[in-house]
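Here the structure is laid out as structure tokens; the discussion comes afterwards.
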Amino acid sequence: MKKRFSSLALSAVVTLSALALPAVSAAAAQKHAAPIGANFKVGLVTDTGGLNDHSFNHLAYVGVLDAHKKFGIKYSVVQSHQSSDYVPNLTTFAQEGYNMVIAVGYLMDSAVQQVSKEYPKTKFLIIDDAITNRKNVMSAIFDTQQCGYLVGVMAGLMNQQKHIPQINGKNVVGVIGGQDIPPVESYMAGFEAGVKKVDPRATVLQAFANSFTDPGTGQQMALAQISQGADIIFPVAGGTGTGVINAAKQKNIFAIGVDANQNYLAPSTVMTSALKGVDVATEIAITDALHNHFKSGVVHFNLANKGVGFAPPIKAVPASVLKKVDSFIPLLVKGKINPPALLSSH
Amino acid sequence: MSKRTQSLVLPLLAVITGLILGGIIMWVSGYKPINAYVALFQGAFGNSVFIANTIAGAIPLILTSLGIAIAFRTGLFNIGAEGQYWIGAMVGTWIGYNFPHLPWYIHIPFALIGAMVAGGIWGGLIPGLAKAFVGAHEVITTMMMSYIAILIGHFMLERGPMMAPGYNPQSPLVTMSATLPTLVSNSNLSAGIFIAMVAIIVVYLLLFHTTFGYRLRTVGHNPMAAKYAGMNVPLFTIYSLGLSGVLAGLGGAVQIMGVDHQLTDTFSSGYGYTAIVVSLLARNNPIAIFFASVFFSALSTGSQVMQINSGVSPNMTDVITGVIIFFVATDKLYSYFRGKFRRSSKAQSEQKGVSVS
């Protein structure tokens, strides 16, 4: 026994010293030839959802990566554990001389207000929030009622199809929100309006999971809606939505992804996804700041500038349906249809 | 090893084992553990702001773990400190923004006491009464009460009565008169640290230098003997869980009034749960709780900078925490190995004097 113990201690010592070795050469390896963005540093602060939210934190990261590939900008990411981390995280980046700091999510509103005031030379981008009184803050707002409307139209049309095994003819669709907040509500309101536009007699079931991180609840709520006859469910609930998508897959009904193209979660039942171009917005903001064209204030991302949209549907969606959905795009772009951003129940 | 040194060495061993295992995991997943730990340390103690943030993060942990320690000492498992923390935060916030005309020397104590009472009722009176009179186990009741508290919190904010005008699920800001002053600018460190220090001293004196504390501990050691000695065991159950809730509630209010200044959906990151680990690591000793809280807070604040500088996910610190909990909880394992070790070292010569501790 002693042998085993001392060898354990020994191996711990050996491991420790082995760990120490590669550390020495670490700093030297990171230097590269200098592209245009080589001296431009971008810091990304996620909200408490974290990078693997399959949603806007992830998309913001994708946008940063795209900018990195294009311009060779340097970047760093920090995932916030709790809301009291926001100010320290934003401050750390600003202090360390990052040119641009990206705050993902309206939850960071007051933190960005505070830190942007203390570091006027640092540029900030905040997603899903409107900060208008700072020269160094750009606020990206997404008109997601538009893409919600389009997938709603698609759901309404699909629900009237006769020969699709997933469609049960009961004319019920469901939508499950993460929390009752504007960026979620705009999707839901748009969706409801879209369904009713093409299928006025449809029942749209609504529910809130009160969490963006609880797939278990998502699954239960989806099963409840399915038992009420829903055959297409649209989760607008971040990580909770993955549970909804699983339930839909399990019961062989359709789900609609949100924010990113979530088809990979269940390729035969996620019929399309409502897209929110957080990646597009992030990349645009970085590009603009890099070329000294930084725009402060609210910038809207919508169908017109391809800031929102929907993912290519799966084969189960007939071409006639897709054509009809596409026909609504110009109407929305030209403002002939203005879907509500708030739910009618409020 | 005397009991005293043992209670110092074993938690330390657990921490070191946790750090080493965490390092091995980082190494295996392609990171450089030394760099990461240097960044972790810098992030926790690298400059005055980081130090201040680390201490600030320890405040809610200290207060909640003190509460949990009192319950543990009485043989009770208050697993619902998270909910009591929420209740305290909620009441503290509500009082904090609703009475703008009070002077600070009334407003601050008012909010703190309100939060303490609410936390005490939530954590103590209800589960305590249920335990004392119908025998409902406090692990279940405190836990369930905790869920109720957290969900009430969400209800209050999401278009509920405490939501600020606008569209974000957050409460109004507490007024200046209910704000604990910040001690180090650009940091989260507020005067709440003094409240935490006072709480440590009070709990220490209460537990070890009063008859009341002696009775609490007696009930914890052996409720039968306590009953035989004429103590009202149900009453002390209620006292103990009540005090537990009082401290957790105070923690929530101090966090709101010192750091967050408003209630948001994500204002707590499970302090009530981490606090259980803190109490375990500190073996329910109020003074040790201070150091254990600073340690866990350092892991948390440091992990944010570790991520910026070395790319290691902050979740790695959760892994380290998990390993530490495992080894603290299984300290019998150490005793077992030590027994084996002693026996075999007696049998063999003393040449291979490699010891783990």
Side-chain angles (χ1 to χ4, degrees), chain A residues 1-10 12-13 15-16 18-27 43 45 47-51 76-89 91-93 95-96 98 106-107 109-110 115 118 129 179-183 185 208 210-212 342 346, chain B residues 17 20 23-24 26-27 32-35 38 43 49-50 53 56-57 151 154-155 158-159 166-170 173 186-188 255 259-262 264-271 300-301 303-305 307-311 313-315 337 340-341 343-345 347-348 352-356:
Chain A
M1 203 63 205
K2 177 180 178 181
K3 230 180 206 168
R4 197 187 294 172
F5 213 133
S6 53
S7 69
L8 203 139
L10 247 173
V13 170
T15 335
L16 267 177
L19 302 184
L21 279 176
V24 183
S25 56
V45 181
D47 74 355
T48 49
L51 273 185
S76 238
V77 186
V78 59
Q79 306 186 53
S80 306
H81 259 169
Q82 57 199 351
S83 53
S84 58
D85 287 340
Y86 296 151
V87 171
N89 285 342
T91 308
T92 305
F93 278 134
Q95 242 176 8
E96 297 198 355
Y98 279 71
Y106 70 93
L107 290 170
D109 174 273
S110 53
V115 179
E118 277 163 33
D129 190 53
Q179 274 172 7
D180 195 354
I181 52 171
E185 216 184 291
F208 287 98
N210 289 322
S211 168
F212 289 107
L342 293 175
H346 289 307
Chain B
T17 320
I20 291 177
I24 292 173
M26 281 189 244
W27 184 49
K32 303 188 172 63
I34 301 288
N35 287 14
V38 168
V49 171
F50 288 151
N53 280 337
L151 291 172
H154 285 261
F155 164 76
E158 289 154 16
R159 293 184 190 282
Y167 53 79
N168 292 342
Q170 57 194 26
L173 290 167
N186 286 330
S187 84
N188 282 339
Q255 180 72 4
V259 181
D260 287 55
H261 306 302
Q262 65 185 152
T264 58
D265 273 355
T266 50
F267 98 101
S268 169
S269 81
Y271 283 122
S300 167
T301 49
S303 70
Q304 304 283 321
V305 173
Q307 195 186 4
I308 293 175
N309 290 351
S310 64
S313 156
N315 295 333
F337 273 117
K340 290 273 185 188
F341 183 65
R343 241 167 285 151
S344 56
S345 38
Q348 296 182 18
K352 294 179 187 171
V354 190
S355 126
V356 175

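Nothing here was measured: the structure is a model prediction, and the numbers come from that model. Naming convention: chains lettered A, B, ... in sequence-line order (proteins, then strands); numbering from 1 in each chain.
- Put simply, the side chain of B/Gln307 gets close to the backbone of A/Gln79: a donor and an acceptor are under 3.5 Å apart.
- Neither the backbone nor the side chain of A/Phe212 has a heavy atom closer than 4.5 Å to any heavy atom of chain B.
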Original post:
Going through the checks in order, is the side chain to side chain contact (heavy atoms under 4.5 Å, CB included) test met by B/His154 and A/Asn210?
Top reply: CA-CA 8 Å; B/His154 285 261; A/Asn210 289 322; 5.5 Å; no
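- No donor-acceptor pair under 3.5 Å is formed between the side chain of B/Asn53 and the backbone N or O of A/Pro88.
- Considering only heavy atoms from C-beta on, A/Ser84 comes within 4.5 Å of B/Gln255 through its side chain.
- The nearest pair of heavy atoms linking A/His81 to B/Ser303 is CE1-OG, 4.5 Å.
- Contact annotation: the side chain of B/Gln304 never approaches that of A/Thr92 to less than 4.5 Å [non-hydrogen atoms, C-beta and beyond].
- Annotation: side chain of A/Glu96 is in contact with side chain of B/Asn309 (closest heavy-atom distance under 4.5 Å).
- The OG atom of A/Ser110 sits 6.0 Å away from the CD atom of B/Gln170 when rounded to the nearest 0.5 Å.
- Here the OG1-OH distance, from B/Thr264 to A/Tyr86, works out to 7.5 Å after rounding to the nearest 0.5 Å.
- The backbone N or O of B/Ile308 sits less than 3.5 Å from a side-chain atom of A/Ser76, completing a donor-acceptor pair.
- Neither the backbone nor the side chain of B/Phe155 has a heavy atom closer than 4.5 Å to any heavy atom of chain A.
- A/Thr91 and B/Asn186 form no side-chain donor-acceptor contact under 3.5 Å, judged by distance and modelled atom types alone.
- B/Glu158 touches chain A through its side chain: at least one heavy atom from C-beta onward sits under 4.5 Å away, while N, CA, C and O do not.
- In terms of heavy-atom pairs under 4.5 Å with chain B, the best-connected choice from A/Val87, A/Leu107, A/Val115, A/Asp85 is A/Asp85.
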